[in-house]
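See below for the structure under consideration.
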Amino acid sequence: MSESKLIMVLGDQLSLANPALVEADPTRDLVVLAEVAEEAGYVRHNRHKIALVFAAMRQFREQLRQRGFEVRYFTLGDGLPTLEAALVQVLEEVPCGEVRVCEPGEYRLREKMRGWDRALGVPVRVLEDTRFLASHADFDAWAGGRKQLRMEYFYRDMRRRHGVLLEVDGQPAGARWNFDQENRVGWRGQEAIPARRELPQDDCTRAVLAEVAAAFPDNPGDLGQFNYACTAEEARLEFDWFCRHALPHFGSYQDALVEESPWVFHSKISMYLNIGLLEPLPLCQQVEQAWRDGDCSLAAAEGFIRQILGWREYVRGIYWLTMPEYKARNTFAARAPLPEFFWTADTDLRCLQRALRQTLDLGYAHHIQRLMVIGNFALLAGLDVQEVCDWYLAVYVDAFEWVELPNTLGMALHADNGLMASKPYAASGKYIQRQGDHCKGCKYSPAKTTGEGACPFNALYWRFIDRHLDYLAANPRMGLITANWRKRAPGDRRAITDWGDRCLQQLLASSG
Ligand code: FAD
Ligand code: DLZ
């Protein structure tokens, strides 16, 4: 008879499809899950994230026990510093011939695992995470030899490979791969936004919420508003709700900025996908079926599927292809310290205040808030890349470095010299006004660039163009803008950039 194995399941691997569990034998192998100080504290995680991860870990423990597994579970109160310490403790009690674990989603932990063999005195097998649709080899093969790694071409390959939204002849449904043009409607209150479900809280969730509130008094997150699903079953119900009530409008309002709702028509499922409660392909298939059944437009279905089959898999590929060097990139040498208002939401720019407030309170902001409001501000203000990335890793309930870093460093800050995005996502206040209704309630006007009451995003935008003019002028997609800026009278340019400097000083000082 072969020796028993010790299987470690991390807090973001809570799925029976976890490769370390797939081949496990409940009659022989032992599973360990551990809430530990290091994982809970390597950034100032939003309390929603810690609570979700712990509650889902405890629910998963029960699921494993029902399947006949013996599970050793450590709570944070047991006082273990690291995952390694948890393994050491279990191995002292129960000798096992091998430790098995699915590879982690963060380079930091992957590096630590390299030392586990020696530290534990047993072989440690780190298995590839099969819960993604593109393996490391798939992505490397796609990326190999390409000059540019554009998401769009990766996405088309993924559609073909997984048979999603295709006609019988292999052509894209609706004769187009991408309906992005239809996904950009600005918000003017056109539709009623459905209220989200109130999720049930059982004893397990209530206990975790109390423990997290006590153990992390200084972390962001209003736990009184905790409303995340902690089991796979509940997460699936959340997704069904999305398909019925929000998907039909998801496509049109994907880029909308909306005062009345943090969620708008977004799916609110990234946190479940990222910790293993949902799996990507069935979601894409369910959405495709909704379109085929006539329950949503092709633009809505394609817009959603592109995010999961395209962006999500693509950013993960970029992360593992480029780490650890990627994390040190800083194209614009951006080094201004992160303003305090990132932790308090105390700013009078309405769009920024709304996005930061819900981020801190709920651990959630939708893509355009992350990219075009908060990220855009960080880019234009030249905030330190590493500090901004650490902030994003801390504040969102769905934040794990494999997905957070490329989105922040690459997409939002363009600090990877355009590896991911063909131009910086820099925008003035006029973009924010076009996409939503925040400006109505703001003391600043997007119609003005300088002078009292001018929207700071305007002058900051031109200040950014001016500071990086040569770099940006070399980008064909920025040519028109940089040429127009160059044509303006030097005095005008100076007045705008000076106003931008002044706005920035005031914004940074007012938050100190
Ligand atoms: P929806 O808008 O409903 O989209 C559906 C799903 O598509 C999401 O649940 C998500 O799984 C996937 N998706 C959409 N866009 C992306 C993307 N750019 N990259 C990867 N997956 C995507 N997403 C995270 O999961 N974790 C992060 O830490 C994270 N950090 C981000 C930081 C920045 C600066 C930016 C611009 C984006 C970030 N994103 C991150 C991507 C995206 O904003 C979130 O996935 C999305 O807002 C989650 O909300 P939702 O589930 O309602 O998404
Ligand atoms: C995010 C998180 C937190 C807050 N706590 C734990 C924990 O105590 N134990 C654990 O196994 N995992 C936790 N996680 C998830 C890990 O941080 C995640 O597995 C790594 O960051 C790799 O993605």
Side-chain angles (χ1 to χ4, degrees), residues 44 46 186-189 220-222 225 255-264 334 336-384 387-388 391-392 394-396 408 412-413 425-465 467 495-512:
R44 193 143 69 98
N46 195 301
W187 185 251
R188 298 291 178 265
D222 174 7
Q225 298 190 60
D255 287 5
L257 291 166
V258 179
E259 279 278 303
E260 73 179 271
S261 166
W263 322 103
V264 198
L338 194 79
E340 181 58 22
F341 70 71
F342 270 62
W343 294 107
T344 62
D346 185 10
T347 168
D348 53 14
L349 274 77
R350 182 76 183 171
C351 53
L352 200 52
Q353 191 274 340
R354 297 294 282 181
L356 290 170
R357 187 72 277 151
Q358 71 177 70
T359 294
L360 297 169
D361 287 350
L362 305 171
Y364 180 90
H366 63 71
H367 188 69
I368 292 302
Q369 292 176 304
R370 297 189 206 198
L371 183 66
M372 300 308 296
V373 179
I374 304 173
N376 184 30
F377 178 81
L379 172 71
L380 301 184
L383 302 187
D384 183 82
E387 279 194 51
V388 175
W391 180 84
Y392 272 92
V395 293
Y396 290 107
T408 309
L413 302 180
Y425 280 95
S428 70
K430 295 187 182 71
Y431 169 88
I432 293 168
Q433 181 187 35
R434 193 169 62 242
Q435 289 312 118
D437 58 358
H438 292 310
C439 302
K440 277 193 307 192
C442 185
K443 71 183 250 197
Y444 299 110
S445 164
K448 285 181 75 181
T449 301
T450 55
E452 282 316 311
C455 172
F457 273 104
N458 288 340
L460 289 177
Y461 174 76
W462 290 114
R463 177 181 173 274
F464 171 78
I465 301 286
R467 284 163 78 97
I496 293 172
T497 55
D498 282 355
W499 187 259
D501 287 342
R502 193 171 141 182
C503 288
L504 196 56
Q505 273 165 18
Q506 274 174 4
L507 283 167
L508 302 187
S510 67
S511 74

Do the side chains of Ser445 and Cys455 get nearer than 4.5 Å, heavy atoms only?
-> no
Name the one of Gln225, Gln369, His366 that satisfies side chain to side chain donor-acceptor pair (under 3.5 Å) with Gln358?
-> Gln369
Return yes if some donor-acceptor pair links the side-chain N/O of Asn46 with the main-chain N/O of Val395 below 3.5 Å, else return no.
-> yes
If only atom types and distance count, is the side chain of Arg354 paired as donor or acceptor with the main-chain N or O of Glu260 below 3.5 Å?
-> no
Do any pairs count as a salt bridge (Lys or Arg N to Asp or Glu O under 4.0 Å) and have a residue in residues 364-382, sequence neighbours left out, and if so which ones?
-> Arg370-Asp398
Is the side chain of Gln435 donor-acceptor paired with the backbone N or O of Trp187 at a distance under 3.5 Å, no angle test?
-> no
Return a table of donor-acceptor pairs under 3.5 angstrom between the side chains of residues 371-380 and protein atoms on other chains or two or more places apart.
from   : atom 1 : to     : atom 2 : distance (Å)
Asn376 : OD1    : Ala427 : N      : 3.0
Asn376 : ND2    : Met372 : O      : 3.3
Asn376 : ND2    : Ala427 : O      : 2.9

Between Glu452 and Arg502, is there a side-chain N and carboxylate O pair less than 4.0 Å apart?
-> yes
Residues pairing under salt bridge (Lys or Arg N to Asp or Glu O under 4.0 Å) where one sits in residues 436-448, two or more places apart or in two chains, turn out to be Asp348-Lys443
Non-hydrogen side-chain atoms of Pro262 and Leu362 separated by less than 4.5 Å = yes
Relative to each other, are the rings of Tyr396 and Trp391 parallel, tilted or perpendicular (30° and 60° limits)?
-> perpendicular
Euclidean distance, Phe341 CZ relative to Gln353 CD, rounded to 0.5 Å = 11.0 Å
Min side-chain heavy-atom separation Leu383-Pro337 under 4.5 Å | no
